[in-house]
Protein chains: 2
Amino acid sequence: MNTKENAESAPRARGRPRGFDMETALDTGQRLFHAGSYDAVGLAALTDALGVKPPSFYKAFGSKSEFFAQVIERYAQAALALDEILLPDRAPVDALAELLESAARTYARDPEQRGCLVLEAARGPDGDDSAIHARRVANQRRDRIREFVARTHPERASAVTDFVASTMSGLSASAREGMDESRLLDVARTAVAGLKAQLDAD
Amino acid sequence: MNTKENAESAPRARGRPRGFDMETALDTGQRLFHAGSYDAVGLAALTDALGVKPPSFYKAFGSKSEFFAQVIERYAQAALALDEILLPDRAPVDALAELLESAARTYARDPEQRGCLVLEAARGPDGDDSAIHARRVANQRRDRIREFVARTHPERASAVTDFVASTMSGLSASAREGMDESRLLDVARTAVAGLKAQLDAD
DNA sequence: CATTTTCTTTAGTGTTCACTATAAAAATCC
DNA sequence: GGATTTTTATAGTGAACACTAAAGAAAATG
């Protein structure tokens, strides 16, 4: 029944136009949550940063938790492009080495955005929607790593994925505590050495 | 001026006796914080669990944050006895292997106490006393690892410590997300393989 | 221009948070 | 037994939290 909603020359939908841009709001939210955490950034900080009052925020996003879910999805789309790293014709050790080194670089690149937003949020309380959603997104990415490794090492896919997942969580934690890029890279390379020992033991 | 306070036959100190045991309170607090987190366990939950009202709690401990500091110190005293693992006449790889495997076992042993209380708290907001204190305790333990490794590998002590620290944070995070002991042990052993590659490259 | 639709603001709401002032209770001391 | 000391409870405190009811504003429609 919305056959006209994508037409370029269609008149704007009825009603007062929104006073802020949704994409800019998500970007701002992502920055704030990444610098702090879901719990540390209250609605007052969000609405201040967006220049709107609470009802406008809720009208647009429904709730803080739903807003966060959108932020998480947005972050996951842009972070560590698995599609470009886990290429089918690529040796797993090489691909995973690149993944871990990229994580090391990314997690320390911006002093205001240390670590990984998804992995940090995944550690929230079990009952919180924010943590539940972050965990789901994290596990979807882990599934892709497992499938990638299973192509060449089906019997090691789960253990390798566990190790990569745990290592990335550790890198994120260390980055949050202030570890700089070169030290994170050293950690990543040592982890890759462990991966090689595991995958080359065929 | 308190020359009599340790005498067995000395009368009790003046004043109303405390209606709860301090050590039991710290144990209870440790369990609650470990199951949840510093922020997730409010004062109501604490005082309910201890069977006291807020003024009694504050009289005894000063503040929630000071109580937590005591809980953290208590936990660190008991967890993963570094003194028994980092023995001077021991090969670093063997000692660190035992440390990481012990971490894997400890972090998954009790389904209600997953991960490491100190490392989880260390990831709290930068400005919070709870996180600041946890970070300090964590870094004291890392200093001991670094000194231990520096005995035989002075030029690698920092990088090895970074790796062990990051790996333990990763193990803690994975345990919090529900990874079981055998999977954590696999992760630890792969990490040890990486350590061997680094320390045996002399 | 009145109606409809959608978004915005003002002015709250109830709950939870960490913590406190005051009075009373429980012990020792002399 | 009154004074002193220490601990306890009652009854709050102010602040922050996520969120909302009602009214008004800004747009399109006919």
Side-chain angles (χ1 to χ4, degrees), chain A residues 1-2 4-5 7-22 24-25 29 32-33 36-71 124-125 127-131 133, chain B residues 1-5 7-22 24-25 29 32-33 36-71 124-125 127-133:
Chain A
M1 303 305 115
N2 296 320
K4 292 227 177 142
E5 84 183 3
E8 290 191 355
S9 55
R12 219 194 64 79
R14 287 219 217 171
R16 180 171 171 169
R18 190 170 276 130
F20 63 92
D21 177 61
M22 295 284 272
T24 303
L32 289 175
F33 287 132
S37 68
Y38 179 75
D39 288 329
V41 178
L43 207 69
L46 280 172
T47 50
D48 281 351
L50 300 181
V52 298
K53 303 298 183 183
S56 299
F57 177 88
Y58 287 108
K59 180 75 184 121
F61 297 109
S63 66
K64 182 187 174 189
S65 153
E66 287 171 70
F67 177 67
F68 188 70
Q70 286 187 47
V71 165
D128 281 19
D129 284 346
S130 59
H133 194 86
Chain B
M1 305 301 116
N2 294 321
T3 51
K4 293 226 177 141
E5 85 181 3
E8 289 191 354
S9 53
R12 221 193 60 79
R14 284 218 221 171
R16 180 171 170 169
R18 190 170 277 131
F20 64 91
D21 177 61
M22 295 285 271
T24 303
L32 289 176
F33 287 131
S37 68
Y38 179 75
D39 289 328
V41 180
L43 207 71
L46 279 173
T47 50
D48 281 352
L50 301 181
V52 298
K53 303 298 186 184
S56 301
F57 177 88
Y58 287 107
K59 180 75 184 121
F61 298 110
S63 67
K64 182 188 175 189
S65 153
E66 287 172 68
F67 176 68
F68 188 71
Q70 287 187 47
V71 166
D128 280 19
D129 285 346
S130 60
I132 290 170
H133 194 85

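Proteins get letters first, then strands, A, B, ... in listed order; numbering begins at 1 in each. Everything numeric here is computed off the predicted structure, so don't read it as measured data.
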Atom [atom1] of [X] and atom [atom2] of [N]: how far apart are they, to the nearest Å?
X: Lys59(A); N: dC7(C); atom1: NZ; atom2: P; result: 5 Å
X: Arg18(A); N: dT5(C); atom1: CZ; atom2: P; result: 18 Å
X: Asp48(A); N: dC17(D); atom1: CG; atom2: P; result: 11 Å
X: Leu43(B); N: dT20(C); atom1: CG; atom2: P; result: 11 Å
X: Phe20(A); N: dT6(C); atom1: CZ; atom2: C1'; result: 13 Å
X: Tyr58(B); N: dA9(D); atom1: OH; atom2: C1'; result: 15 Å
X: Tyr38(A); N: dC17(D); atom1: OH; atom2: P; result: 12 Å
X: Leu46(B); N: dC17(C); atom1: CG; atom2: P; result: 10 Å

Lys64(A) to Phe57(A), cation-pi by 6.0 Å centre distance and 45° axis angle: no
Counting any heavy atom closer than 4.0 Å, what does [X] reach on the DNA or RNA strands: base, sugar-phosphate only, or nothing?
X: Phe57(A); result: nothing
X: Lys64(A); result: sugar-phosphate
X: Ala13(B); result: sugar-phosphate
X: Pro55(A); result: base
X: Ser65(A); result: nothing
X: Pro54(B); result: base

Would you please confirm or rule out a distance under 4.0 Å between OP1 or OP2 of [N] and any side-chain N or O of [X]?
X: Ser63(B); N: dA18(C); answer: no
X: Lys53(A); N: dT8(C); answer: no
X: Arg12(A); N: dA27(D); answer: no
X: Arg14(B); N: dA27(C); answer: no

Show the nearest heavy-atom pair for residues [X] and [Y], with the distance to one decimal.
X: Pro125(B); Y: Ala131(B); answer: O-CB, 3.4 Å
X: Asp129(B); Y: Ser65(B); answer: CB-OG, 3.4 Å
X: Leu43(B); Y: Pro54(B); answer: CD2-CB, 4.3 Å
X: Gly29(B); Y: Leu46(B); answer: CA-CD2, 4.1 Å

Aromatic plane relationship, Phe68(B) with Phe33(B) - under 30° parallel, 30 to 60° tilted, over 60° perpendicular: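 The rings of Phe33(B) and Phe68(B) stand perpendicular, inter-plane angle above 60°.
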Earlier contact from the 5' end, DNA chain D, for Gly15(A) and Gly62(A):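 Nearer the 5' end of the strand: Gly62(A).
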Nearest-nucleotide 5' precedence on DNA chain C, Arg16(B) against Ala40(B):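 Residue closer to the 5' terminus by nearest nucleotide: Ala40(B).
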Contact nearer the 5' end of DNA chain C, comparing Asp39(B) with Pro17(A): Pro17(A)
